[in-house]
Amino acid sequence: AADPARPADLIRWVDDLAHHGVDTYAQAVYSQGWTLFYQSDRFEYDARPVHQRFVHLLDAGITPLEILIEATHRRGMEFVAKFRMNDCHGNGGQGARFVLDNRQWELKEFPGGHDYSFAPVRDYVFSVADEIVRRFDVDGLLFNYMRHAHCFPTAVARECQPTMTGFLRSVREMLDKRGVQKHKTLTLGVMVPQTLEECHNLGYDIQTWISEGLIDYVCPCDFGYPDFNAPYEAFSTLTRASNCTLYPTLAPILCRDDQAVLLKPENYRALTQNFYGAGADGVTVFNYQYHWARKGGSARYPGPTEGYPLALGYLRDLRDPKTVAGGMRHYRFHPLWGGTAPTGAVKDDKIVLAPEAGAGGEYRFRLCEQFGGNTRGICYFSAQGLLPNHEIAVTLNGTEIRDFQRVFHPEGRLERFGRPLSPFSSAWFNLKQPPLNNWDNYLGVRLVHHDSGETGNIVIDEVEVVVMPA
């Protein structure tokens, strides 16, 4: 929206979403104790500068949230009110008075976050949710637990699963009650970590939430990056036995060490191909505004001004699995965090070869692909420290790959071209099925010859696959 915002800007935004095939629009309305896009007699309005552009409308009796909801319904989409359940932006230095004045409930490990072990914290968030559902014609709520993932102290979070489940039961009861009053079904969705183990460790009992019918859909995702290897079949096993649906999440930035390159349509098609292959019912997006971040004046993100509405066009084809399968797909398996993610899970897939002949390892990568007709595929991998005089053997699922090519990059990879790398070699080979699997695959690399006296490890943590349908 412009600054100051105009109602026409909000309507145009919704029209653009509808034009590009969006079914459900989820707009953040709560963060750090603040309300967003509407004012309340009970809760503070967001004090951040970006939200001050709406104050003149609010002062004139015009509620941006109502404009967004009406425009969404007019275009045949659902409108979901989204909650950032424990946003810690500002590192404890920003938020509503409820946040800043009640440090006794703060998560000491995550300044700015509140500990949901305390009933007043749960009651506050519940009250905001109830007010929004009561006052506005929303179609449901979406609780984003990925900002910032932690709602309990890490040492006891797993033991706190019944506490968060109890909170969701109360929200479910409220939604059902308000739904009867409004003569409509009100949904509850959650954004949660991308593995069930991460969820349990953080206090989120997804199995119970689904089996008890507390949630209508689940959106698993990483804290910030897209994972082409994510095991979302663990979620679909649960959802297929229930009325809950599964919408894994797309994100535009590849990994922590590559903030300069945005995903392209062929990358989104590859992600979505794996999502559907794991049993997804659709997809959702998060931080998609990075595609046009500089339009708002930011210099921190790569998205150019013209990224809006250009990037919205990438979404149109993702809703249809057949359309996804008909386009070129580029899978990019990179180390999401190069270590430990904010959820506490280690996300740093790689092969490390010691500098000695015979050293070897395997890299798992998932392709939900069934090659047919004239479909072609190429697998690429980058090996840091692999020098021209080194000899390697390559296998795919145990089958030797004899016809591979490689090239050495003595200057490494410069930052302007993506994730910086020290001197490395690229290798690639054509894919055939078999030995390629329509699921998990294992790239094997073994060091056959290594000159004595060389001490550096060889690291392979980037694997990419391009699929070209017939």
Side-chain angles (χ1 to χ4, degrees), residues 28-36 40 42-44 46 81-133 140-175 188-210 212 214-216 218-221 223 341-345:
V29 297
Y30 171 85
S31 180
Q32 297 184 286
W34 285 315
T35 64
L36 288 63
S40 168
R42 302 172 60 195
F43 311 107
E44 292 177 59
D46 197 324
K82 190 175 184 179
F83 278 54
R84 288 193 162 201
M85 297 302 285
N86 225 8
D87 198 322
C88 298
H89 278 100
N91 200 34
Q94 69 180 30
R97 299 315 314 173
F98 178 81
V99 172
L100 299 179
D101 292 348
N102 289 292
R103 301 291 187 180
Q104 72 274 21
W105 301 325
E106 186 177 52
L107 286 173
K108 305 307 180 186
E109 302 164 274
F110 310 101
H114 265 160
D115 184 350
Y116 276 67
S117 300
F118 294 98
V121 173
R122 302 193 300 275
D123 293 345
Y124 184 89
V125 178
F126 178 91
S127 296
V128 179
D130 185 49
E131 177 180 85
I132 288 173
V133 173
L141 302 175
L142 173 57
F143 285 174
N144 177 8
Y145 285 99
M146 295 309 295
R147 285 298 175 266
H148 269 78
H150 299 269
C151 287
F152 302 105
T154 55
V156 297
R158 197 174 182 102
E159 302 168 16
C160 293
Q161 291 180 90
T163 300
M164 188 59 73
T165 298
F167 172 72
L168 286 193
R169 287 194 187 107
S170 65
V171 173
R172 177 76 269 167
E173 291 172 3
M174 178 271 291
L175 289 173
L188 177 61
V190 293
M191 289 181 65
V192 295
Q194 63 185 162
T195 67
L196 293 177
E197 184 65 15
E198 287 174 277
C199 291
H200 284 305
N201 288 339
L202 292 169
Y204 313 140
D205 186 359
I206 305 303
Q207 287 96 326
T208 298
W209 298 0
I210 292 175
E212 290 191 10
L214 303 181
I215 59 175
D216 297 282
V218 57
C219 308
C221 59
F223 186 86
T343 60

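Bear in mind that the values here come from a model prediction, so they are computed numbers and not experimental data.
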Hey, what's the ring geometry for Trp209 with Tyr145, parallel, tilted or perpendicular (30° and 60° as the breaks)?
tilted
Report the relative orientation of the aromatic rings in Phe98 and Trp105; use parallel for angles under 30°, tilted for 30 to 60°, perpendicular for over 60°.
tilted
Where is the tightest heavy-atom contact between Leu107 and Cys151, given as atom of each residue plus distance?
CD1-C, 4.0 Å
Heavy-atom check, side chain of Ile210 versus side chain of Ile215, under 4.5 Å:
yes
Can you give me the closest heavy-atom contact between Gln207 and Leu196, atom names plus distance?
NE2-CD1, 3.8 Å
Sidechain N-carboxylate O distance under 4.0 Å for Glu212, Arg172
no
What is the distance from atom CG of Leu100 to atom CD of Glu44, rounded to the nearest 0.5 Å?
8.0 Å
Please check this pair: side chain of Tyr204 against backbone of Glu198, looking for a donor-acceptor N/O pair closer than 3.5 Å.
no
Under 3.5 Å side-chain donor-acceptor pair for His200 and Gln161
yes
Is a donor on one side and an acceptor on the other found under 3.5 Å between the side chain of Gln32 and the backbone of His89?
yes
Taken to the nearest 0.5 Å, the spacing of Leu168 CG from Arg122 CZ works out to 11.0 Å
One should read off an interatomic distance between Leu188 CG and Asp216 CG, to the nearest 0.5 angstrom, of 6.5 Å
Before giving the answer on side chain to side chain contact (heavy atoms under 4.5 Å, CB included), spell out for Gln104 and Asn102 the whole-Å C-alpha distance, their side-chain angles and the decisive distance to 0.1 Å.
CA-CA 5 Å; Gln104 72 274 21; Asn102 289 292; 3.2 Å; yes
Side-chain contact test, heavy atoms from C-beta onward, threshold under 4.5 Å: evaluate it for Leu202 versus Pro193 and give yes or no.
yes
Just verifying a value: how many Å separate Ser127 OG and Glu131 CD, rounded to the nearest 0.5 Å?
9.0 Å
Within the 4.5 Å heavy-atom criterion, are Gln194 and Met146 side-chain neighbours or not?
no
Decide whether a cation-pi geometry holds between Arg97 and Phe43; the criteria are a distance under 6.0 Å from NZ or CZ to the six-membered ring centre and an angle within 45° of the ring axis.
no
Taking side chain as C-beta onward, heavy atoms only, is Met164 less than 4.5 Å from Asp205?
no
According to the interplanar angle, ranging from 0 to 90°, do the rings of Phe143 and Phe83 count as parallel (below 30°), tilted (30 to 60°) or perpendicular (above 60°)?
tilted
Report the distance from atom OG1 of Thr343 to atom CG of Asn201, rounding to the nearest 0.5 Å.
8.5 Å
Would Val125 and Phe167 count as a side chain to side chain contact (heavy atoms under 4.5 Å, CB included) here? Give the steps.
CA-CA 10 Å; Val125 178; Phe167 172 72; 4.0 Å; yes
Measure up the His148 and Phe223 rings against each other and bin them: parallel (under 30°), tilted (30 to 60°), perpendicular (over 60°).
tilted
To check you understand the geometry: which heavy-atom pair defines the closest contact between Gly112 and Cys88, and what is its length?
C-SG, 4.2 Å
Mind telling me whether Tyr124 and Tyr30 have parallel, tilted or perpendicular rings, with 30° and 60° as the class edges?
tilted
Can you find a heavy atom in the side chain of Ser117 that is under 4.5 Å from one in the side chain of Thr163?
no
Side chains of Arg147 and Met191: does their closest heavy-atom pair fall under 4.5 Å?
no
Between CG on residue Leu175 and CG on residue Leu141, distance to nearest 0.5 Å:
5.0 Å
Would you mind reporting whether Phe126 and Val171 have side-chain heavy atoms less than 4.5 Å apart?
yes
Answer whether the closest heavy-atom distance between the side chains of Glu109 and His150 falls below 4.5 Å.
no
Can you give me the closest heavy-atom contact between Val29 and Ala81, atom names plus distance?
CG2-CB, 3.7 Å
